[in-house]
Amino acid sequence: MLKSIYGTKDILPKDIGKWNHVETIVKNIFTAFNYKEIRTPLFEETALFSRSIGEETDIVSKEMYTFFDRSETSVTLRPEMTASVVRAFIEHSLATQFSLNKLFYIAPMFRQERPQAGRLRQFHQFGAEVLGSASPVLDAEIIILAFTILKSLGLKDITVKINSLGIASSRKTYLEVLKKYLEPHLNELSEESKKRFEKNILRIFDSKSENDILIMHDAPKLIDYLDEASKDEFETVQNILQKEHIPFVIDSSLVRGLDYYSKTTFEIVSGKVGAQSALCGGGRYDGLIELLGGAPNYGVGFAAGIERIILALQNEETALPEITPLDVYVVLLNKDLLNEYYLFANTLRKKHFKVEIDYLSRSVKAQMREANKLQAKYVALFGGEEFSENKIVIKNMTTSSQQVVPLEKAGEEILLSVGG
RNA sequence: GUGAGUAUAGCUCAGUUGGUUAGAGCACCAGGUUGUGGCCCUGGGGGUCGUGGGUUCAAACCCCAUUACUCACCCCA
């Protein structure tokens with residue numbers, strides 16, 4: 001049997017209601033904040049991602065779907081959206097049309113990781129990128145947006161974690177300090193962390209080894225080494241979040257795995273999705289536009305994983321829409337009138353009722369059962385003896401009462417009864 | 001890439017020390033009289049027990065291999 005590719009999943013009709021629900025809320029909230037939707041190609045030149053995300057990162061070094069197309073160009077299925085949005089921003093000179101661009105997207109991403117709960121190889125993110133301003137107000141707005149969306153979806157068990165990485169030069173100073181602190185402990189660290197000491201020392205903060213955590217507990221904190229500007233801006237962000245009643249914790253160990261982040265970073269985690277608890281993450285990336293060949297400019301954004309959010313909602317037992325009920329199910333009583341039956345149902349559809357009919361030539365009883373299963377509010381029984389007088393039976397499925405009405409008035413009658 | 005676990009109908013699972021035509025619930029289909037649902041009742045379709053070897057008179061059950069999936073590490077949304 002042919003199956004979907006490992007780590008990919010079909011979203012079946014029974015689940016599509018959840019997705020539409022999420023997407024509707026996402027769009028509504030972004031629209032309220034005047035963010036404009038952007039769509040970019042699923043794949044890009046490989047260099048775009050390796051340059052922006054960072055050659056040494058896990059994403060680039062071992063998780064990308066990279067291949068050569070027929071013209072020997074190295075292309076990659078996008079593992080995240082920021083690089084693509086920034087590329088489009090530069091390519092189309094969006095900065096010259098609006099000095100500030102507030103953009104959002106809802107789109108599939110691809111990373112060849114080992115699948116597990118809340119982690120797929122093709123997964124979906126919604127997110128935002130704000131290009132053109134250094135204002136910490138926007139750092140706060142990004143967090144507010146993400147939090148508001150998750151709350152509006154009904155999530156309760158979520159925590160906002162924030163941190164500031166400062167600018168490159170202050171971070172460099174700090175890294176030296178951290179290195180000095182860790183050197184004497186090097187032998188006590190876990191094997192993983194020893195590797196990180198060389199490769200990406202900040203990641204040692206993420207270690208789950210108890211002993212590592214103990215050692216890192218007393219380590220110097222990045223926050224204490226921030227440059228003045230970053231410190232002030234971080235204060236502003238916190239201040240706004242407090243005034244907006246967004247609960248947050250400062251997590252000095254919050255280090256993002258993509259190279260382009262600077263200053264504010266944040267993450268929102270759920271206690272309900274297993275090991276992959278980060279529903280959403282983001283931060284500021286002021287150097288990225290220049291790095292990708294644009295005029296120096298500012299950027300801040302976030303991305304959220306839709307599969308994880310739906311998982312969290314399910315595990316929190318938040319009610320999600322399943323099936324939307326039918327307005328009218330039309331039952332055919334006389335199989336000789338199939339054409340008239342079909343055309344009649346379409347007249348109702350043209351009046352914007354949600355209508356279903358029987359295509360399988362089933363018994364009246366079976367049709368009624370189907371109507372019930374589809375949660376039809378009304379059943380129209382077409383083609384019985386009333387048909388000779390151009391009439392039809394309309395049955396209200398909740399009250400079980402029914403009446404005979406002229407065919408051409410069926411729509412009005414239903415509308416009347418619905419109370420519309 | 002590493003580790004652990006699981007593989008029996010569309011779905012959730014039973015299947016007892018290996019022993020005749022492999023089961024249940026849900027779902028699906030038909031019917032319970034002539035033109036009517038939700039409950040209930042009756043009947044039905046559907047599985048080469050992941051795949052390939054092996055042991056045995058006999059294997060869903062034991063052994064080996066293989067594949068797929070799940071969870072976790074890692075990393076991240």
Side-chain angles (χ1 to χ4, degrees), chain A residues 1 3-7 9 12 14 53 57-63 78-82 106-127 146 150 190-193 195-196 199-200 203 206-209 254-258 266-270 273-282 301-312 326 329-335 337 358 360 362-387 392-402 404:
Chain A
M1 186 173 58
K3 296 163 76 176
S4 73
I5 297 289
Y6 188 43
K9 279 220 162 40
L12 298 173
K14 72 179 171 64
I53 298 168
T57 60
D58 280 26
I59 293 179
V60 171
S61 63
K62 48 192 191 196
E63 296 172 4
R78 63 177 172 221
E80 59 110 40
M81 196 65 173
T82 304
I106 304 175
M109 307 295 158
F110 306 84
R111 291 182 202 173
Q112 190 165 356
E113 296 182 84
R114 217 34 174 260
Q116 71 184 75
R119 187 166 78 187
L120 291 174
R121 290 184 166 186
Q122 174 175 339
F123 61 103
H124 298 77
Q125 292 185 331
F126 65 81
L150 297 184
S190 67
E191 287 308 309
E192 265 313 310
S193 291
K195 278 185 218 154
R196 290 177 177 138
K199 239 177 68 185
N200 191 346
R203 293 228 72 93
D206 284 345
S207 175
K208 279 163 192 157
S209 142
L254 179 64
V255 180
R256 312 251 72 231
L258 288 72
F266 81 103
E267 207 167 83
I268 301 180
V269 299
S270 163
V273 291
Q276 306 300 318
S277 61
L279 299 185
C280 137
F302 79 95
I306 299 179
E307 281 86 354
R308 286 181 189 179
I309 288 169
I310 290 176
L311 238 175
L326 212 58
Y329 188 96
V330 189
V331 167
L332 179 59
L333 297 173
N334 177 353
K335 312 285 187 224
L337 297 171
D358 172 57
L360 301 174
R362 290 191 284 195
S363 68
V364 173
K365 183 189 213 119
Q367 292 183 61
M368 288 301 294
R369 281 184 174 151
E370 184 75 1
N372 192 60
K373 190 172 137 197
L374 297 173
Q375 296 178 24
K377 294 180 200 133
Y378 290 87
V379 163
L381 295 117
F382 181 92
E385 49 198 39
E386 305 81 3
F387 185 70
I392 188 166
V393 179
I394 304 288
K395 173 166 185 168
N396 180 321
M397 291 296 273
T398 36
T399 64
S400 290
S401 66
Q402 55 185 54
V404 181

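Atom set for the values below is all heavy atoms of this structure, side chains included, hydrogens, waters and symmetry mates excluded. Because the structure is predicted, anything quoted here is derived from the model rather than measured. We name chains A, B, ... by the order of the sequence lines, and we start the count at 1 in each one.
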Pairwise 5' ranking along RNA chain B for A:Ile306 and A:Ser401, keeping only the more 5' one: A:Ser401
Any donor and acceptor pair, going by atom type alone, linking the side chain of A:Ser363 with main-chain N or O of A:Ala366 inside 3.5 Å? yes
Between B:G3 and B:C76, how far apart are the two P atoms, rounded to whole Å? 22 Å
Would you mind reading off the distance between A:Ile392 atom CD1 and B:G35 atom C1', rounded to a whole angstrom? 13 Å
Using a heavy-atom cut-off of under 4.0 Å over every strand shown, decide if A:Leu279 touches base, sugar-phosphate, or nothing. sugar-phosphate
Applying a 4.0 Å non-hydrogen cut-off, can you work out what A:Gln375 is touching in the nucleic acid: base, sugar-phosphate, or nothing? nothing
Whichever of A:Ser400 and A:Gly305 has its nearest RNA chain B nucleotide further upstream toward 5': A:Ser400
Rounding to the closest angstrom, what is the interatomic distance between B:U8 and B:A68 at atom C1'? 16 Å
Rounded distance in Å between the C1' positions of B:G50 and B:A7: 6 Å
Single hit among A:Glu370, A:Met397, A:Gln367 for side-chain contact (heavy atoms from CB on, under 4.5 Å) with A:Val379: A:Met397
For every nucleotide of nucleotides 65-74 of chain B, 5' to 3': is a protein heavy atom under 4.0 Å from its base (B), only from its sugar-phosphate (S), or from neither (-)? ---SSSSBBB
Quick one: look up who B:A27 pairs with, Watson-Crick or G-U, both distances under 3.5 Å, and put none if it's unpaired. none
Watson-Crick or G-U wobble partner of B:A65, both distances under 3.5 Å: B:U51
Do you know which two heavy atoms are closest between A:Met81 and A:Met109, and how far apart they sit? CB-CE, 3.5 Å
Check this for me: does the side-chain of A:Lys373 come within 3.5 Å of the base of B:G37 through a donor and an acceptor? no
Distance, nearest 0.5 Å, that separates CZ of A:Phe266 from CZ of A:Phe302: 6.0 Å
For the pair made of CG in A:Asn372 and P in B:G37, what is the distance, rounded to whole Å? 10 Å
With sugar-phosphate meaning primed atoms plus P, OP1 and OP2, does A:Val393 contact a base, only sugar-phosphate, or nothing at under 4.0 Å between heavy atoms? base
Sort out the partner of B:C75 for me: Watson-Crick or G-U wobble, both distances under 3.5 Å, none otherwise. none
Phosphate-side-chain proximity, A:Arg111 and B:C76, N/O vs OP1/OP2 below 4.0 Å: no
Below 4.0 angstrom from OP1 or OP2 of B:G31, is there any side-chain N or O of A:Ser363? yes
Does B:G45 have a Watson-Crick or wobble partner in any strand here, with both distances under 3.5 angstrom, and which is it? none
By side-chain hydrogen bond (donor to acceptor under 3.5 Å, both in side chains), which residues pair with A:Glu113, not counting sequence neighbours? A:Arg119
Any N or O donor-acceptor pair under 3.5 Å from the base of B:G32 to the side chain of A:Arg369? yes
Gap in Å between the two P atoms, one belonging to B:C28 and one to B:C69, rounded: 29 Å
Whole Å only: how far is the CG atom of A:Leu254 from the C1' atom of B:C75? 14 Å
Chi angles and distances behind the side-chain contact (heavy atoms from CB on, under 4.5 Å) call for A:Leu381, A:Ile392: CA-CA 6 Å; A:Leu381 295 117; A:Ile392 188 166; 5.5 Å; no
So how far is it from A:Ile309 CD1 to A:Ile268 CD1, rounded to the nearest 0.5 Å? 8.5 Å
Pick the C1' atom in B:G32 and in B:G47, then give their distance to the nearest Å. 30 Å
Could you state the atom-to-atom distance from NZ of A:Lys195 to C1' of B:U2 in whole Å? 10 Å
Suppose you measure atom P in B:G38 against the same atom in B:G31; what distance do you get, rounded to whole Å? 13 Å
Would the base of B:U36 count as contacting A:Lys395 through its side chain, where contact means a donor and an acceptor less than 3.5 Å apart? yes
Whole-Å distance separating the CE atom of A:Met368 from the P atom of B:C39: 13 Å
Nearest-Å distance for atom pair CG/P, residues A:Asn334 and B:G35: 10 Å
Give the rounded distance in Å between these two atoms: NZ of A:Lys14 and P of B:G10. 16 Å
Can you see which heavy atom on A:Gln122 is nearest to which on A:Phe110, and at what distance? OE1-CE2, 3.3 Å
Is there a side-chain contact between A:Lys9 and A:Phe123, using heavy atoms and a 4.5 Å cut-off? no
Side-chain-base donor-acceptor pair under 3.5 Å for A:Gln402 and B:U36: yes
Now, which nucleotide makes the Watson-Crick or G-U wobble pair with B:C39, with each of the two distances under 3.5 Å? none
Can you check the distance between B:U42 and B:A4, where both ends of the measurement are the C1' atom (answer in whole Å)? 48 Å
Now, which nucleotide makes the Watson-Crick or G-U wobble pair with B:A4, with each of the two distances under 3.5 Å? B:U70
Same-atom distance (C1') from B:C75 to B:G54, integer angstrom: 42 Å
A:Arg308 has an atom CZ; how far is it from atom P of B:C75, in whole Å? 13 Å
List the steps and the verdict of side-chain contact (heavy atoms from CB on, under 4.5 Å) for A:Gln276 and A:Gln116. CA-CA 8 Å; A:Gln276 306 300 318; A:Gln116 71 184 75; 3.1 Å; yes
Under a 3.5 Å limit on both distances, the Watson-Crick or wobble mate of B:A22 is none
